[in-house]
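Note sheet for the following structure.
If you're wondering where the values come from, they're calculated on a predicted model, not measured in any experiment.
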Amino acid sequence: MNQFNDQIPVKRESGTKKFWRIVLGTMVGFFLSSFIVSILSFFMMLGIIASFSSMDKAIVKDNSILQLNLQNEIKERAIENPFEGLAGLEDYYGVTGLNDILKCIKSAAIDPRIKGICLHTSRLIAAPATVKEIRDALVEFKKSGKFVYAYSDVYAQNGYYLSSVADQLALNKKGDLEFKGIAMQVLFYKGLLDKLDVDVQVVRHGQFKSAVEPYIMDKMSAANREQMTLLSNALWKVITHDIATSRKISIDSLNLIADHLLCSNATNALDLKLVDKLCYKSEFDADLKKKIGVDNNAKLNLITINEYKNAAKILNSESSNKIALVYAVGQIVDGKGSEEVIGSETLSKEIRKAYENKDVKAIVLRVNSPGGSALASEVIWNEIELEKKAGNIVVTSMGDYAASGGYYISCNSDYIVAEPNTLTGSIGVFGMIPSIQDMLKNKLGITVDVVKTNPHADWMTGLRKLDEVELKTLQASVEEVYETFTHRVAVGRKMDISKVDEIGQGRVWAGSDALELKLIDKLGSIDDAVAKAAELAKISDYQVVYYPRQKDWLTKLLNPKDLTNLITEVSLMLSS
């Protein structure tokens with residue numbers, strides 16, 4: 001070996017080159033480490049500033065107004081925000097948590113320092129059930145005798161639906177109000193896939209399991225059109241009923257306005273009694289001052305959700321009895337999950353943590369999921385089954401969606417609560433297998449060849465179509481999953497399996513229809529689900545505790561993956 005190496009000419013590095021290599025390497029390392037340290041220092045300094053500024057958040061002045069400035073996307077839970085308390089930044093970072101909004105509204109109703117609520121919903125981004133939950137909380141708030149005022153330069157339909165609960169609804173004199181009804185549009189990709197020579201083979205159980213249709217059809221099937229029509233009408237019924245009740249306008253009149261687009265400008269909106277007043281923001285502020293009895297030259301004491309949520313905690317009572325609110329948000333996958341993905345392993349662990357806590361008397365599973373892995377759903381179902389066998393109470397609260405796997409993990413609960421415009425059901429199973437063999441050959445000139453020990457060793461690779469044996473095998477697997485799914489529903493909901501199959505078939509139902517079909521037990525909010533859990537656990541005094549525990553910003557900062565996400569979020573904020 002040494003003899004062989006001696007025969008190879010070795011190019012030795014010159015002293016000058018070696019010197020500059022070391023110098024440049026040191027400089028790069030220095031600048032890289034300085035950059036990382038600067039980023040860490042930047043976030044740590046922001047956290048320190050935010051923590052100091054948050055110290056006075058709990059100080060709420062007398063004659064204050066809670067301002068619901070719903071300009072960010074609303075999700076189930078607020079993500080920890082290192083910019084909270086930094087003037088001007090909180091409105092441009094992160095998302096708004098439904099949990100914080102509901103807590104603040106509830107606390108404001110009994111807080112003598114809060115005189116009312118003002119709403120701004122021009123850029124409201126939220127699904128129908130979330131909007132309904134906030135709206136119902138405001139209806140409950142008004143029972144305290146306090147006011148709700150709303151103002152916006154422009155009302156999109158979603159924002160108007162929420163704002164229509166207000167005692168005074170104001171619109172910019174030159175603003176717009178959208179009121180047109182509900183449309184559900186579906187994009188179909190079959191034409192594109194045909195042009196690309198991509199073949200998609202589908203196996204499913206359920207004529208209404210429409211998730212596969214965009215890949216194999218160019219328009220809705222008759223079954224899916226029927227389903228979508230029923231859903232859109234159910235959602236529109238909720239909106240028109242609530243607006244009609246608040247605005248004292250008949251549902252027929254509301255449909256007439258939508259049918260003919262009669263609300264084309266601000267003046268029309270006022271004439272049609274969709275709003276109470278046309279004004280500019282300064283005039284709206286003057287109305288607020290007059291309402292709370294302060295001088296027009298005085299400054300309004302407006303307090304935001306981020307500012308008030310810490311003060312709201314003070315109003316919540318402590319108790320040795322706990323009700324665990326376990327969040328299950330996002331697509332369902334096998335293994336570990338995240339804040340926006342339900343992992344079977346992660347969620348099962350959190351459920352286990354909750355019922356191993358001796359102070360926890362009941363669990364409310366908050367489900368907001370369109371579904372996902374059947375196996376992962378079964379694992380979560382089993383964890384709930386173990387809990388029930390141990391004598392624990394489980395109540396499910398459905399958010400915007402609890403469909404397919406989302407319903408699978410819900411059906412074993414002692415009691416299910418959903419909003420009337422929650423989308424649920426979708427008791428069905430499908431598999432979709434694309435083959436790109438023709439695309440590779442015809443579009444890219446790439447061909448595939450194979451050797452194999454057994455006839456089906458290369459199935460499910462996506463590099464060829466499935467043969468008849470393979471399709472039958474996959475269909476049998478789908479049928480087995482469907483049989484298990486319907487059995488779980490039948491046992492959990494105490495229904496005959498033939499009835500489950502009749503209302504299953506992959507069909508999605510609005511919560512209002514799901515109630516009639518006995519897929520759920522009650523229409524209501526997350527608070528209604530918590531109250532039902534307390535009733536079943538036979539406790540009157542309790543404190544709600546939350547699972548999984550959210551990471552604080554410093555924990556995220558020390559995690560490379562979370563740090564990358566945090567830097568991306570800050571970059572987006574700074575560029576907005």
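- Around atom NZ of Lys388, more than 12 heavy atoms belonging to other residues, nucleotides or ligands sit under 6.0 Å away.
- Between Ile427 and Leu519 the shortest side-chain heavy-atom distance falls below 4.5 Å.
- In terms of heavy atoms, Ala328 sits closest to Ile409 at CB-CD1, 4.3 Å.
- By the side chain to side chain contact (heavy atoms under 4.5 Å, CB included) test, Ile125 pairs with Glu73, sequence neighbours left out.
- Judged purely by atom type and a 3.5 angstrom limit, Thr346 uses its side chain to pair as donor or acceptor with the backbone of Gly337.
- Classification of Glu383 and Arg352 as a salt-bridged pair holds, one side-chain N sitting under 4.0 Å from a carboxylate O.
- Using a distance-only test at 3.5 Å, with no hydrogens or angles considered, no donor-acceptor pair links the side chain of Thr424 to the main chain of Gly511.
- Within the 4.5 Å cutoff, side-chain heavy atoms of Leu274 are placed close to those of Ile249.
- No more than 12 heavy-atom neighbours from other residues, nucleotides or ligands sit within 6.0 angstrom of CD on Glu480.
- Closest non-hydrogen pair, Gly159 versus Leu124, comes out as CA-CD2, 3.8 Å.
- Taking the side chain as every heavy atom from C-beta outward, Ile526 and Leu325 approach each other to under 4.5 Å.
- Ion pair Glu226/Arg507 flagged as a salt bridge, since at least one NZ, NE, NH1 or NH2 atom sits closer than 4.0 Å to an Asp/Glu carboxylate oxygen.
- Applying the salt bridge (charged side-chain N to carboxylate O under 4.0 Å, His left out) rule to pairs touching residues 396-423 yields nothing, sequence neighbours excluded.
- Between His120 and Leu68, every side-chain heavy-atom pair lies at or beyond the 4.5 Å cut-off.
- Side-chain contact check for Arg135 and Ser163: no donor-acceptor pair (N or O, by modelled atom type) lies under 3.5 Å.
- Counting only residues at least two apart or on different chains, the salt bridge (charged side-chain N to carboxylate O under 4.0 Å, His left out) pairs with a member in residues 178-206 are Glu178-Lys180, Lys190-Asp194.
- Counting only heavy atoms from C-beta outward, the side chains of Asn69 and Asn72 never approach each other to under 4.5 Å.
- Side-chain atoms of Ser525 come within 3.5 Å of backbone atoms of Asp527 as a donor-acceptor pair (strictly under, hydrogens ignored).
- Between the Ser246 side chain and the Ile243 main chain, no donor and acceptor come within less than 3.5 Å of each other.
- Pairs engaging residues 208-230 under the ring pair (Phe, Tyr, Trp, His ring centres under 6.0 Å) rule: Tyr189-Tyr215 [sequence neighbours left out].
- When atom types are taken as modelled, the side chain of Thr422 and the backbone of Ala418 share no donor-acceptor pair closer than 3.5 angstrom.
- Here OG of Ser413 is found 9.0 Å from CD of Glu387. Values are rounded to the nearest 0.5 Å.
- Of the possible polar contacts, one joining the Ser344 side chain to the Gly335 backbone as a donor-acceptor pair under 3.5 Å is found.
- Under the side chain to side chain donor-acceptor pair (under 3.5 Å) criterion, Thr486 pairs with no residue at all, not counting sequence neighbours.
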Could you give me the CA-CA distance, side-chain angles and deciding distance for Glu339 and Arg77, then say whether salt bridge (charged side-chain N to carboxylate O under 4.0 Å, His left out) is met?
-> CA-CA 9 Å; Glu339 291 177 336; Arg77 303 174 77 182; over 6 Å; no
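- Side-chain N/O atoms of Glu378 and Asn382 include no donor and acceptor closer than 3.5 Å.
- Pairs of residues two or more places apart, or lying in two chains, that qualify as ring pair (Phe, Tyr, Trp, His ring centres under 6.0 Å) and include a residue from residues 473-512 are His205-Tyr482, Tyr408-Phe485.
- In this structure, Leu177 and Val275 have side chains that are in contact, with non-hydrogen atoms separated by less than 4.5 Å.
- For the atom pair CZ (Arg464) and CG (Asp458), the distance works out to 4.0 Å, reported to the nearest 0.5 Å.
- Each salt bridge (charged side-chain N to carboxylate O under 4.0 Å, His left out) pair with one or both residues in residues 430-446, not counting sequence neighbours, would appear here, but there are none.
- For Gly431 against Val478, the heavy-atom pair with the smallest separation is N-CG2, 4.5 Å.
- Counting heavy atoms from C-beta on, the side chains of Ile433 and Val200 never come closer than 4.5 Å.
- Side-chain N or O atoms of Glu470 include one that pairs as donor or acceptor with a backbone N or O of Asp467 at under 3.5 Å.
- The salt bridge (charged side-chain N to carboxylate O under 4.0 Å, His left out) check on Lys219 picks up nothing, with sequence neighbours excluded.
- Considering CG of Leu230 and CZ of Arg225, their distance stands at 14.0 Å, rounded to 0.5 Å.
- Residue pairs satisfying the ring pair (Phe, Tyr, Trp, His ring centres under 6.0 Å) criterion with at least one member in residues 409-460, sequence neighbours excluded, are absent.
- Considering CD1 of Ile380 and CG of Leu347, their distance stands at 4.5 Å, rounded to 0.5 Å.
- Note that CD1 of Ile239 is 6.0 Å distant from CH2 of Trp236, once rounded to the nearest 0.5 Å.
- Under a 3.5 Å cut-off, the side chain of Ser250 and the backbone N or O of Ser253 do form a donor-acceptor pair.
- Proximity of a side-chain donor or acceptor of Ser426 to a complementary backbone N or O of Ala403 within less than 3.5 Å is not detected.
- When every heavy atom of Ala244 is checked against every heavy atom of Ile251, the shortest pair comes out as CB-CG1, 3.8 Å.
- The aromatic rings of Tyr327 and Tyr546 sit parallel to each other, their planes meeting at less than 30°, with 60° as the upper class boundary.
- Around the CD atom of Glu483, the shell of radius 6.0 Å holds no more than 12 heavy atoms that belong to other residues, nucleotides or ligands.
- Ion pairing of Glu350 with Lys336 is absent here, as no side-chain N (NZ or NE/NH1/NH2) approaches a carboxylate O to less than 4.0 Å.
- A donor and an acceptor atom, one from each side chain of Tyr151 and Asp153, are located under 3.5 Å apart.
- Side-chain atoms of Asn368 come within 3.5 Å of backbone atoms of Tyr401 as a donor-acceptor pair (strictly under, hydrogens ignored).
- With sequence neighbours left out, the side chain to side chain donor-acceptor pair (under 3.5 Å) criterion links Asp242 to Lys132, Tyr161.
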Please report, to 0.1 Å, the donor-acceptor pairs under 3.5 Å made by any side chain of residues 260-267, with sequence neighbours excluded.
unit_1: Ser264; atom_1: OG; unit_2: Asn268; atom_2: ND2; d: 2.7
unit_1: Asn265; atom_1: OD1; unit_2: Thr267; atom_2: N; d: 3.1
unit_1: Asn265; atom_1: OD1; unit_2: Asn268; atom_2: N; d: 2.8

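- Nearest heavy-atom pair, Thr396 versus Ser410, reported as atom, atom and distance to 0.1 Å: CG2-OG, 3.6 Å.
- The salt bridge (charged side-chain N to carboxylate O under 4.0 Å, His left out) contacts involving residues 515-526 comprise Arg493-Asp521, where partners must be two or more places apart or lie in separate chains.
- The two residues Gly428 and Lys209 make their nearest non-hydrogen contact at O-NZ, 3.4 Å.
- Ion pairing between Lys472 and Glu468 holds under the 4.0 Å rule for side-chain N and carboxylate O.
- The shortest distance between side-chain heavy atoms of Gln201 and Leu474 does not fall below 4.5 Å.
- Atom CG of residue Asn224 and atom CE of residue Met184 lie 10.5 Å apart, to the nearest 0.5 angstrom.
- In Lys452, the NZ atom is crowded: over 12 heavy atoms of neighbouring residues, nucleotides or ligands sit closer than 6.0 Å.
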